[in-house]
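Below you'll find the structure, written out as C-alpha cells, and then a few comments.
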2 protein chains.
Amino acid sequence: MSFRKVRNAHKTENTEDYLELIAELLNSKGEARIVDIANELSIAQATANKTIQRLHNQGFIKKQPYRSIFLTVKGQQIASKSKKRHNTVLKFLMNLGIDQKTASADAEGIEHHVSEKTLKKMEKFNSAKKIV
Amino acid sequence: MSFRKVRNAHKTENTEDYLELIAELLNSKGEARIVDIANELSIAQATANKTIQRLHNQGFIKKQPYRSIFLTVKGQQIASKSKKRHNTVLKFLMNLGIDQKTASADAEGIEHHVSEKTLKKMEKFNSAKKIV
DNA sequence: ATAGAAATATAGCCATAGCTATATTAATTA
DNA sequence: TAATTAATATAGCTATGGCTATATTTCTAT
Ligand SMILES: [Mn+2]
Ligand SMILES: [Mn+2]
Ligand SMILES: [Mn+2]
Ligand SMILES: [Mn+2]
C-alpha cells in the first residue's frame, strides 16, 4: 500500500516544486521567467520549457508565448500549501539540530513524502523549540 | 543545488526499494519471485519484470530465465544499507508519536531523501526514546 | 532603426516506469 | 503422463523528464 502512495507523491512533486518556485519568483522579482526557473532547478531551459507547457495544459499556469509566467488560482493554492509544508519540514530538521544547508537539501525531498499527520507532529515539535 | 540532489535520489530509490524487498523475500521465503515483488509493490508483473532486467544488467541481481532472483554482493550491500536506513527513519517517526501505519507509509518515501547527517540525528533521537 | 544578444520554443533523441495483451516456460494436478 | 494453471518474458503503447541542437521571437544597445 505504501509504495503506491510514494509513486503518487512522485507524480506530483515536480509540479509542487515548480509552482512553489514560480510563486517565489513572482514574489521576489515580480515575474517568473523560464530561464530563471531552469537556473534555480539546475536543468536545461528546454526541459523547463517542456514542463511549463505541461503545467499550462494542466491549468496551473497562465502564459502567452514568449512571455513570462503566472499562476492560476489552482496553481496558487498548490504553491502556498507546498510552501507552508516545505517551511515546516525545514524548521523541523533545523530544530532537530541539523545545519541549515543540510536541512535545506533534505527538506527539498522529504517535504513531498510527509503526511498530514506527520506534518502536525512536526509543527508540534517546532512549537516546543526555538526555530518556529 | 538541492534539486539536483533530489533528482539523484529519485534515480536510485526504485533500485533501493527493489533490492530491499528482494532481500526481505529471500530472508523470509527463501526465494524472491517476480510475482511476489509485483504484488508487494502493487504493480503489474510486466513492470516488475522489466525493472528486474535493468537491475540484472546493472549487476545488482543474479538470475536465470524463468527462475527466481538472487542478489549479487553489490546488490546485498545496497539492500542492507537501505534496510538499516529505512528502519531508522521508521523508528524515528514512531518515536515522534506517529502511529505505525502512517509512519510506515511516510518512511517509505522519506528514507530516500535523508542525508547521513540527518540519519545520525534520527539515531540519536531514537536512543533517547522508547522505540530503538 | 537595426544588429546582436538573450529568452523562448521546437525537434529529436534517451532512459525510466507505468500499463495491457500475448507468448513461452515451469509447476501442479487430475 | 497430459492438461491446466501459474509464472515469466516480450511486444508495443503512454507519460514524464532529462539532454543538445536549432529556430523563432523579444529585448537591448549601438
Ligand atoms: Mn519545496
Ligand atoms: Mn521539493
Ligand atoms: Mn522506499
Ligand atoms: Mn521522493
Side-chain angles (χ1 to χ4, degrees), chain A residues 1-22 25-26 29-70 78 108-109 112, chain B residues 1-22 25-26 29-70 78 108-109 112:
Chain A
M1 314 291 101
S2 297
F3 292 107
R4 191 170 266 155
K5 270 186 197 167
V6 175
R7 286 198 302 277
N8 281 338
H10 283 158
K11 268 190 207 152
T12 54
E13 76 176 286
N14 204 29
T15 297
E16 289 167 353
D17 282 338
Y18 268 76
L19 297 178
E20 200 185 326
L21 175 55
I22 290 165
L25 288 169
L26 287 173
K29 302 194 177 181
E31 65 173 348
R33 302 185 311 163
I34 284 174
V35 63
D36 296 324
I37 294 166
N39 275 342
E40 289 290 328
L41 300 179
S42 309
I43 55 177
Q45 292 187 22
T47 303
N49 192 278
K50 197 196 272 187
T51 299
I52 290 297
Q53 303 300 341
R54 173 177 66 78
L55 296 177
H56 185 237
N57 291 338
Q58 294 174 344
F60 296 111
I61 274 177
K62 283 178 290 190
K63 76 185 289 286
Q64 301 295 321
Y66 291 97
R67 301 256 87 114
S68 58
I69 289 148
F70 300 93
I78 290 173
E108 197 56 74
H112 310 283
Chain B
M1 315 290 102
S2 298
F3 292 108
R4 192 171 266 154
K5 270 186 195 166
V6 175
R7 287 198 301 276
N8 281 339
H10 284 158
K11 268 191 208 152
T12 54
E13 76 178 288
N14 203 30
T15 297
E16 289 166 353
D17 282 339
Y18 267 77
L19 297 178
E20 199 185 324
L21 176 55
I22 291 165
L25 288 169
L26 287 172
K29 302 193 175 183
E31 65 174 346
R33 302 184 311 163
I34 284 173
V35 64
D36 296 325
I37 293 166
N39 275 342
E40 290 290 328
L41 300 179
S42 310
I43 56 176
Q45 293 187 20
T47 303
N49 191 279
K50 196 195 275 185
T51 299
I52 290 297
Q53 303 300 341
R54 173 177 65 79
L55 295 177
H56 184 237
N57 292 338
Q58 295 174 343
F60 297 111
I61 274 177
K62 282 179 289 191
K63 76 184 289 287
Q64 301 294 322
Y66 292 97
R67 301 256 90 112
S68 59
I69 288 148
F70 300 93
I78 290 174
E108 197 56 74
H112 309 282

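Labels below follow one simple rule: chain letters A, B, ... track the order of the sequence lines, proteins then strands, and each chain is numbered from 1.
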Is any side-chain N or O of [X] closer than 4.0 Å to OP1 or OP2 of [N]?
X     : N      : value
A:R67 : C:dT8  : no
A:N14 : D:dT16 : no
A:K11 : D:dG17 : no
A:N49 : C:dA9  : yes
A:T47 : D:dG17 : no
B:Q45 : C:dG18 : no

Starting at [atom1] of [X] and ending at [atom2] of [N], how long is that distance when rounded to a whole Å?
X     : N      : atom1 : atom2 : answer
B:N8  : C:dT16 : CG    : C1'   : 15 Å
A:I43 : C:dA7  : CD1   : P     : 16 Å
A:R33 : C:dA7  : CZ    : P     : 5 Å
B:D17 : C:dT16 : CG    : P     : 16 Å
A:I61 : C:dA9  : CD1   : P     : 11 Å
B:D36 : D:dA7  : CG    : P     : 8 Å
B:I37 : C:dG18 : CD1   : C1'   : 16 Å
A:L55 : C:dT8  : CG    : P     : 15 Å

Of the listed nucleotides [options], the one nearest the side chain of [X]:
X     : options                : value
B:V35 : D:dA7, C:dG18, D:dC19  : D:dA7
B:Q53 : D:dT10, D:dA21, C:dC19 : D:dT10
B:A46 : D:dA9, C:dT20, D:dC19  : C:dT20

Comparing A:I34 and B:Q58 on DNA chain C - which has the more 5′ nearest nucleotide: A:I34
Residue whose nearest DNA chain C nucleotide is more 5′ - A:R7 or A:Y66: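 First, find each residue's nearest nucleotide; the 5'-ward one identifies A:Y66.
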Sugar-phosphate, base or nothing in reach of A:K50, heavy atoms under 4.0 Å: base
Side-chain H-bond candidate by donor/acceptor type, A:Q53 with A:H56, under 3.5 Å: no
B:S68 side chain to B:E31 side chain, donor-acceptor N/O pair below 3.5 angstrom: yes
Stepwise side-chain contact (heavy atoms from CB on, under 4.5 Å) check, B:I52 with B:I22: CA-CA 10 Å; B:I52 290 297; B:I22 291 165; 4.0 Å; yes
Heavy-atom check, side chain of A:H10 versus side chain of B:H10, under 4.5 Å: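 In contact.
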Side chain proximity check, A:I43 to B:F3, heavy atoms < 4.5 angstrom: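 With C-beta onward as the side chain, the pair stays apart.
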